Structure formats: C-alpha cells, structure tokens
Amino acid sequence: MGNVKKYFDEIECAPIEVMKWTQSNKLRKMVKAAYENVPFYKDLFDKHGVKPEDIETIDDIAKLPFTYKQDLRDNYPFGLFAVPKDKLVRIHASSGTTGKQTVVGYTQGDVDAWSIGVARMLTSIGITKDDYAHISYGYGLFTGGLGLHYGAEMLGATAIPVSSGNTQRQIQIMQDFGSDFLCCTPSYAMLIGETIKDLGVDPKSLKLRAGVFGAEPWTEGMRKQIEELLDIKAYDIYGLSEIAGPGVAGECEYQCGMHVQEDFFYPEIIDPDTGEVLPDGEYGELVFTCIGKEALPLVRYRTRDICKLDRTPCKCGRTTVRMAKPKGRSDDMLIIRGVNVFPSQIEYVLLQLGFSANYLIIVDRENSLDRMTVKVEMTESMFTDTVKGIEALENSIAAKMLSVLGVSTKIKIVEPKSLPRSEGKANRVVDNRVLVD
Amino acid sequence: MFIKQLSIFVENKPGRLAEITETLAAAQIDIRAISVADTTDFGILRLIVNKPDAACEALKAAGLTVTLTSVIAVGIDDVPGAFSVALRLLADADIGVEYMYAFISRDEGKAFVILRVDDEKSAVEVLEKGGIVSIPSEKIYNM
C-alpha cells in the first residue's frame with residue numbers, strides 16, 4: 001500500500017481568504033485574456049460598459065455579463081477560443097440544436113486542471129493510486145470517458161478504458177481484472193447491476209467498492225438500488241462539457257452535496273429571470289466562470305441547472321463550496337441516457353423532413369434505461385397506402401433523429417391534428433421518469 | 001377500368017372507425033367493400049364506395065389523412081381452384097400483389113377480389129389473356 005492521501009491538494013481545505021485571493025488572481029488574469037483575445041468578449045464587455053480593470057477581486061464578478069449556450073453556437077466551432085492553435089491539445093463537443101455541436105477546446109493546462117478536479121474528487125471518496133478505475137462512460141467527443149480517464153491517471157490509479165456497451169464483457173473484466181471502482185451513468189450502473197443479478201454472479205465476489213455516477217439526473221432511490229445491486233457505495237459527480245466535463249464538482253465520503261473545484265470553476269446562483277445573484281441556500285440557476293481556463297475562458301456561463309450552494313463546514317475538512325444535486329432545468333433540455341436533447345432539435349428534424357412542428361416527446365424509463373418516443377402527425381403527402389410504407393417512413397425519421405441527436409428515438413406517426421395544441425408556449429414534453437427525490 | 005379505393009390512416013383508438021363511418025353516412029356515401037390493415041400503433045382502412053371523390057372530400061373535411069389508391073377488381077368463379085389460377089397468372093408474369101381482399105358479389109356464383117398490384121395495367125392484360133375479366137369501376141361503384 002502506498003501513502004494514502006486524505007486530500008489531493010491543500011487548497012481544498014484552504015481558509016476562505018486564501019481561496020478568495022486565489023480566485024481573484026485567476027479571475028483578473030482570465031478576464032484580461034478573454035477581453036484581449038476573444039473578439040466576442042471584447043464586444044460583450046464594451047456593450048456592457050465593463051473593462052478588465054474594473055475587476056479587482058472575485059466579489060466584482062457580478063459586474064460581468066453572462067455567457068449563454070447560444071453564444072457557443074453562434075461562434076461555432078472555435079470562435080470563443082482565446083489561444084492559438086499550437087496551444088490547444090484537445091477538442092470535445094456535445095450535441096447542440098440544429099445539428100450544430102457545442103465545441104470546447106483545452107490547453108495542456110486546462111486538461112491538467114480538469115484532471116486534478118477529478119483526482120481530488122476520487123481522493124475524497126477514498127480512491128488511491130492502488131485502485132483500478134473501471135471507466136464505462138463513452139469515450140469520444142463526449143467528455144465522460146476521457147475526463148474520468150485522465151483524472152484517474154492524474155491520481156495515479158490505473159485506468160481501464162472499457163467504454164460503454166457489451167455489459168457481459170464489462171462484468172467479465174470486473175471479475176478478471178479486479179476493478180475497484182466504476183465510473184458510468186447511473187442508468188448504465190443499474191443495467192450492469194441487473195445483468196450481474198441475471199447472470200447469478202454474487203456482487204460480493206467482486207472487488208468493486210465504489211461508483212462515480214453522473215451525466216444524467218438520478219434519485220436517492222436509484223442510488224440505493226445501485227448500491228444493493230453492485231454492493232458498492234455510489235457517489236454523485238457533476239460536470240458539463242462547456243466548463244470542462246465531469247469533475248467540476250463531486251461528492252466526498254460524507255455525501256452532503258458536491259464539492260465544487262472552485263479555484264478552477266467559480267459558481268454562483270442567480271435568479272434566472274432577473275440575473276440577480278442569490279444568497280447561499282437559495283435555489284436558482286447555477287452559473288460558472290472558468291477562472292482557471294485558458295482555451296475557453298467562459299464568463300458567467302448559464303448552465304440552466306436549478307441548484308443551491310452550501311458553504312457550511314463539511315465533516316471531511318474541505319472548505320470548498322458544495323452544490324446540491326440539480327433539481328431541474330430553467331430551460332427545456334432533456335437528458336436521455338446521458339445525452340443532452342433539446343426539443344428544438346427534434347423540431348428542426350421534423351420541419352426539415354416536411355412534417356408539422358406539432359409533435360410530442362414522451363420519455364419513459366424502462367428497465368432503468370431511458371426511452372424516448374416522438375409522436376409525429378401524419379401529413380397527406382407522406383401517407384402511403386401500405387403498412388410497410390408507413391413503417392419505412394417512421395424508420396427514416398428515426399435514422400435522421402439518431403444522426404442529429406446522437407440518441408435513438410422511437411417514432412410513432414399519429415393522425416393529423418391529434419396532438420395537443422396550446423396557446424403560447426406549447427408543452428411538447430411528457431417526461432414520465434422520476435428524476436428528483 | 002381501375003377502381004379508386006379510399007385509404008385512410010387510422011390510429012388505433014376506440015371509436016375511431018365509428019367516427020369515420022359516421023362521416024361517410026352523413027355524406028350519403030354507400031360502402032361496397034372494406035378492409036383494415038393493422039399494426040400495434042396504427043391501421044390503414046381501405047374502402048370501396050359508390051362515390052370515391054365525394055367520400056374523399058368528406059373525410060378530408062373531417063380532418064382525416066386520406067388518399068385515393070388505384071386498385072383492380074376481378075370476378076372469380078365460386079369453384080375450388082379458380083382464384084389460384086388468377087394468382088398463378090400474376091406470379092408467372094412477375095407482378096407483385098401488395099394486398100387483396102374479397103367479397104361475394106350479387107352476381108350468381110361469383111366473388112369479387114380487390115387487388116393492389118405494382119403494375120395495374122400489365123396485371124389486367126395478363127389476367128384477361130388468361131380468361132379472367134376485370135370488373136369495370138362503374139359496376140363496382142353501382143353494385
């Protein structure tokens with residue numbers, strides 16, 4: 001056994017003045033870089049009447065304007081990057097509306113900061129460099145797989161990049177390699193757990209002792225089920241690609257909120273309607289400023305997650321602020337099997353294919369996996385007189401949805417004018433999942 | 001020669017067929033033959049009526065998705081093996097049958113079969129050469 005560290009970094013336990021001093025230094029540097037190197041931010045700050053010199057301490061942050069997801073789309077793909085190409089070492093992306101992805105870039109420093117955030121979180125739940133990390137998040141443009149991978153390596157643990165899918169092989173690897181902890185979406189953890197049960201494998205025979213689960217909403221009920229099925233302790237982790245990826249925040253062994261790596265990612269809670277900063281403990285929209293980021297220095301990025309912050313002391317000794325599990329969204333984004341889906345993307349596909357903008361999205365969770373059905377109204381010109389013609393039509397819409405959304409949907413064609421119409425904002429989503437406690 | 005069949009997209013929900021037939025009744029449409037192709041989620045109701053164009057308008061006015069499809073009708077003697085002769089003729093000419101349905105005619109000893117084929121013109125020729133006569137549309141509408 002190596003020397004077991006209780007904390008990965010000293011700053012996690014720093015007195016508030018030290019943390020604020022660090023944050024203030026980083027914010028000043030980051031705001032200056034954004035203003036000087038990103039034309040979008042120069043215009044935005046000028047329009048807002050704020051100069052980099054106006055920002056002296058972290059408490060001045062509320063003087064700065066917000067950044068929205070739309071700004072990333074408008075500057076697709078690299079328009080908000082603040083460094084030249086030779087400084088970039090990584091690109092990630094997440095699906096966005098109208099087929100355009102939200103693209104994020106990283107310098108070596110950014111990848112390191114992100115990995116340190118993940119390593120701190122892993123350390124806080126008792127993971128050490130002697131452990132095998134079984135990483136079943138998807139690898140690729142999605143930040144899940146590589147985020148946990150580099151974090152585990154930063155800690156000195158051994159990353160097993162299994163990626164998602166092929167559940168029986170996952171279990172085989174857990175048995176043969178002796179995986180110590182599992183990283184994946186909570187719904188995939190459930191599936192692995194249920195498969196273990198179906199195969200008649202005793203979860204106690206596995207070395208697995210912890211799981212780090214995120215990228216989609218899950219409840220305390222699901223946590224208990226996962227813990228029973230896999231005989232592990234399940235921990236919540238939070239992140240979004242725009243800010244870095246998984247590891248922006250995560251639970252410690254005491255599980256009383258997620259410690260935010262606030263020397264890299266500074267959180268605020270605001271009133272989503274007025275933009276006013278709200279006091280700790282009040283629910284509002286979570287906003288992040290990437291004070292430690294070089295490649296994509298987002299200023300007060302609106303996450304749309306509804307959340308609250310807690311600065312009361314944590315039993316673990318860390319002084320970093322803790323965020324609650326988000327209890328909803330201030331927009332209409334859905335998270336389907338870990339993939340962000342906006343109703344506007346579905347509308348875009350339907351309009352492109354010649355259907356009406358009247359549709360209904362129904363989301364269910366069957367056997368712990370999300371299933372999305374889109375009801376679409378039949379049009380006269382699309383109607384063919386044979387069953388196979390209509391089924392082919394449904395399949396062709398489903399294929400287009402898959403390519404734009406990155407997640408499969410079942411298409412159900414219904415009679416014209418049979419879907420609910422409403423005045424003003426139509427409710428096009430029926431989400432039957434239980435996502436919050 | 002070809003018969004205009006109404007094809008209607010119907011979701012599987014109780015009362016839908018009653019509503020459609022009531023719409024036709026209100027428009028004074030007489031139904032000659034009826035068939036339903038169904039799946040778990042939806043069905044296609046196929047109708048032969050006395051006034052297909054008027055029926056189509058009435059159904060569209062009622063907000064239904066309806067299309068007119070061209071089909072052929074043949075008269076088959078009501079004896080064992082008679083229909084197989086017709087199908088063999090089509091098969092040998094490589095003409096595919098999409099679907100079909102039959103009803104007993106008022107003509108003594110004949111059944112009418114409605115056929116949706118991938119090439120109506122060739123189908124009629126092939127059948128006639130084999131001695132099977134297709135029924136003119138007017139006769140079906142005014143049965």
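Since we're looking at a predicted model, the values are computed, not measured. Proteins get letters first, then strands, A, B, ... in listed order; numbering begins at 1 in each.
In this structure, A:R337 does not pair ionically with A:D370, as no charged nitrogen and carboxylate oxygen lie closer than 4.0 Å. Between B:K4 and B:D53, at least one side-chain nitrogen of the basic residue sits less than 4.0 Å from a carboxylate oxygen of the acidic one, meeting the salt-bridge criterion. Checked for salt-bridge contact, B:K60 and B:E57 miss the test: no charged N lies under 4.0 Å from a carboxylate O.
Residue B:F9 touches chain A through both its backbone and its side chain, counting heavy-atom pairs closer than 4.5 Å. Both the backbone and the side chain of B:E11 come within contact range of chain A, judged by heavy atoms closer than 4.5 Å. Contact annotation for B:T65: both backbone and side-chain heavy atoms come within less than 4.5 Å of a heavy atom of chain A. Residue A:T384 touches chain B through its backbone alone, counting heavy-atom pairs closer than 4.5 Å. Contact of B:T39 with chain A is made through the side chain alone, with heavy-atom distances under 4.5 Å. Contacts between A:K412 and chain B at a heavy-atom distance below 4.5 Å involve the side chain alone, from C-beta outward.
For A:E377 (side chain) and A:P416 (main-chain N/O), no donor-acceptor pair under 3.5 Å exists by modelled atom type. Formation of a donor-acceptor pair under 3.5 Å by the A:R329 side chain with backbone atoms of A:T303 is found in this model.
No other option in A:I390, A:I413, A:T379 has as many heavy-atom pairs under 4.5 Å with chain B as A:I390. For the set B:Q5, B:R16, B:R116, the entry with the most heavy-atom pairs within less than 4.5 Å of chain A is B:R16. No other option in B:V10, B:D41, B:N12, B:V66 has as many heavy-atom pairs under 4.5 Å with chain A as B:D41.
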message: Between A:K375 and A:I411, is the side chain to side chain contact (heavy atoms under 4.5 Å, CB included) condition met? List the steps.
response: CA-CA 6 Å; A:K375 287 191 174 185; A:I411 303 296; over 6 Å; no

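Contact between B:A73 and B:I114 at its shortest, heavy atoms only, is CB-CD1, 3.9 Å.
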